[in-house]
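Some notes on the structure that comes next.
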Amino acid sequence: MLLFTPGPTPVPESVRLAMATPTLHHRTPEFEEIFAQTRTMLFRLFATDEVVMLASTGTGAMEAAVRNLCHHTLLSINSGKFGERFGKIAKASGLQSVELKNEWDTPVSVESVIEAVNANSDIDAIAIQISESAGGLRHPVEEIAAAVKQINPKIMIIADGITAVGVERIDVRHIDCLIAGSQKALMLPPGLAILGLSTGAIEKMGEGVGYYLNLASEVKKQRQNTTAYTAVTTLIIGLRAVLEEIEAYENGAGLSKLFCDTARRAKATRFALEAIGLHSYPATPARSMTTIDDVDASAIRTLLKTEFGVNVAGGQDHLKGKIFRINQMGLIEPYEMVWVVNAVELALAKLGRRAFDGTASRVFTQEYFKTVLKEAQS
Ligand SMILES: *Cc1c(COP(=O)(O)O)cnc(C)c1O
């Protein structure tokens with residue numbers, strides 16, 4: 001069975017093997033060395049002033065970010081389940097909150113964020129997804145961050161990059177906190193979250209807020225290559241292996257080549273599925289996943305699983321049974337995706353929607369290998 005859900009994503013073999021090594025004690029020079037190497041590679045991936053690893057899933061990092069960086073009112077952007085979660089975290093943390101809510105296929109507009117910020121001078125932090133996984137959409141986070149900093153550079157920008165870090169280059173110049181989670185684009189089992197922080201964020205948090213999720217105590221410790229509490233040694237060893245794998249991607253072409261191939265694959269997948277009459281759900285598709293809304297979404301998903309060996313994700317809440325989501329995160333071979341789009345075409349044939357003629361795999365191949373085909377022609 002091919003695992004094509006946008007989290008969890010498949011863990012590469014080299015990473016699984018790295019995590020099978022005997023347990024290390026976390027307060028040892030051996031582990032500190034591994035921690036230091038991991039940190040160095042994280043700085044290259046995040047391009048932020050500071051990075052912190054947390055033993056929690058992504059939501060723990062979202063809560064840590066809100067608690068430590070918002071002291072008054074949080075403006076949260078809700079175009080899906082994960083954006084909605086930021087508002088719930090603010091409430092549970094005793095903070096004031098304002099929400100900009102849209103349908104799950106609709107990204108927030110820069111103008112509406114500016115309007116909300118101008119209307120409420122208590123807003124001291126904004127929380128937003130880069131890629132909102134509920135409907136597979138991309139918010140214009142970098143533009144929002146730049147515009148907000150022009151109004152008030154003290155407003156903290158918290159960007160949930162759980163399905164974006166490792167997928168595409170993110171411009172972090174105006175972002176104060178960038179969050180990643182292990183089981184999505186980082187190809188690890190769940191349980192580790194990473195936060196990239198700006199100098200402004202570190203200044204604002206001061207002594208930090210809370211106990212376990214106090215980011216200030218973690219920053220202090222992690223600068224010495226250790227953690228405030230027991231480090232999740234196995235996952236950090238796995239993370240080091242993932243980052244090494246990413247940096248070695250395509251004979252050392254590394255991150256930029258991975259980003260380029262991911263974008264190319266996501267686009268080719270969308271074109272292939274549109275060519276067989278399917279509709280891409282989000283107005284601004286994220287590169288992390290391909291999301292299709294369809295009356296037969298449920299039936300297509302079931303057929304993919306039972307007949308064609310492909311596991312894709314469905315929708316949640318009001319989109320349950322109405323969409324399916326195909327993962328684009330991690331190290332995915334184009335031949336795997338050719339099979340996925342071909343399987344969707346087979347499912348449509350089986351449902352009597354469309355005679356099978358191989359359009360999906362042809363369009364995917366023509367788009368993904370565009371340059372190869374052009375060279376072959378000339
Ligand atoms: C999965 C996900 C989360 C939540 O992470 P957990 O690891 O389930 O706590 C948050 N934001 C986005 C965008 C996600 O895709």
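Both counts, for ligands and for their atoms, begin at 1 and track the order of listing. It should be emphasised that the depicted structure is a prediction, and the values quoted were computed from it without experimental measurement.
When all heavy atoms of Asp49 and Phe43 are compared, the closest pair comes out as O-CE2, 3.4 Å. Between Arg287 and Ala266, the shortest heavy-atom distance links the atoms O-CB, 3.8 Å.
Here Pro190 has no heavy atoms under 4.0 Å from ligand 1, in either its backbone or its side chain. Under 4.0 Å from ligand 1, the heavy atoms of Met62 that appear belong solely to its side chain. Residue-level proximity to ligand 1 for Asp160 is carried by the side chain, the only part with a heavy atom below 4.0 angstrom.
Here the rule is side chain to side chain contact (heavy atoms under 4.5 Å, CB included) with Ser14, and of Met19, Glu244, Glu245 only Glu245 fits it. Each of Leu192, Leu45, Val11 was checked for a side chain to side chain contact (heavy atoms under 4.5 Å, CB included) with Leu186, and the lone residue meeting it is Leu45.
Remark: aromatic rings of Tyr229 and Tyr212 are close, center separation under 6.0 Å.
Near Thr57, with a cut-off below 4.0 Å to any heavy atom, the atoms of ligand 1 are 6 (P), 7 (O), 9 (O). Listed by atom number, the atoms of ligand 1 under 4.0 Å from Ile162 heavy atoms are 2 (C), 3 (C), 10 (C), 11 (N), 12 (C), 14 (C). Set against the non-hydrogen atoms of Thr163, the atoms of ligand 1 under 4.0 Å away are 13 (C), 15 (O).
Note on Arg354 versus Glu345: salt bridge recorded, some NZ/NE/NH1/NH2 to OD/OE distance being below 4.0 Å. Here Lys149 pairs with Asp176 in a salt bridge; the nearest charged N to carboxylate O distance falls below 4.0 Å. The residues Glu336 and Arg265 are annotated as not salt-bridged, no charged nitrogen and carboxylate oxygen being separated by less than 4.0 angstrom.
Counting only heavy atoms of the protein, atom 7 (O) of ligand 1 lies nearest to Gln183 NE2, 2.8 Å. Closest protein heavy atom to atom 14 (C) of ligand 1: Lys184 NZ, 3.0 Å. Here the protein heavy atom with the shortest distance to atom 15 (O) of ligand 1 is Ser133 OG, 2.5 Å.
For the pair Ser131 and ligand 1, a heavy-atom separation below 4.0 Å is found.
At under 3.5 Å, not a single nitrogen or oxygen of Gln129, backbone or side chain, sits near a nitrogen or oxygen of ligand 1. For ligand 1, the polar-atom distance check finds an N/O of Thr59 within less than 3.5 Å of one of the ligand's N/O atoms. Considering backbone and side-chain atoms alike, Arg85 places every N or O at 3.5 Å or more from each N or O of ligand 1.
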Glu367 vs Arg264, salt bridge (Lys or Arg N to Asp or Glu O under 4.0 Å): CA-CA, chis, key distance, verdict: CA-CA 8 Å; Glu367 178 60 31; Arg264 206 149 64 99; over 6 Å; no

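Distances from atom 5 (O) of ligand 1 to the heavy atoms of Gly58, Pro6, Gly83 show the closest one on Gly58.
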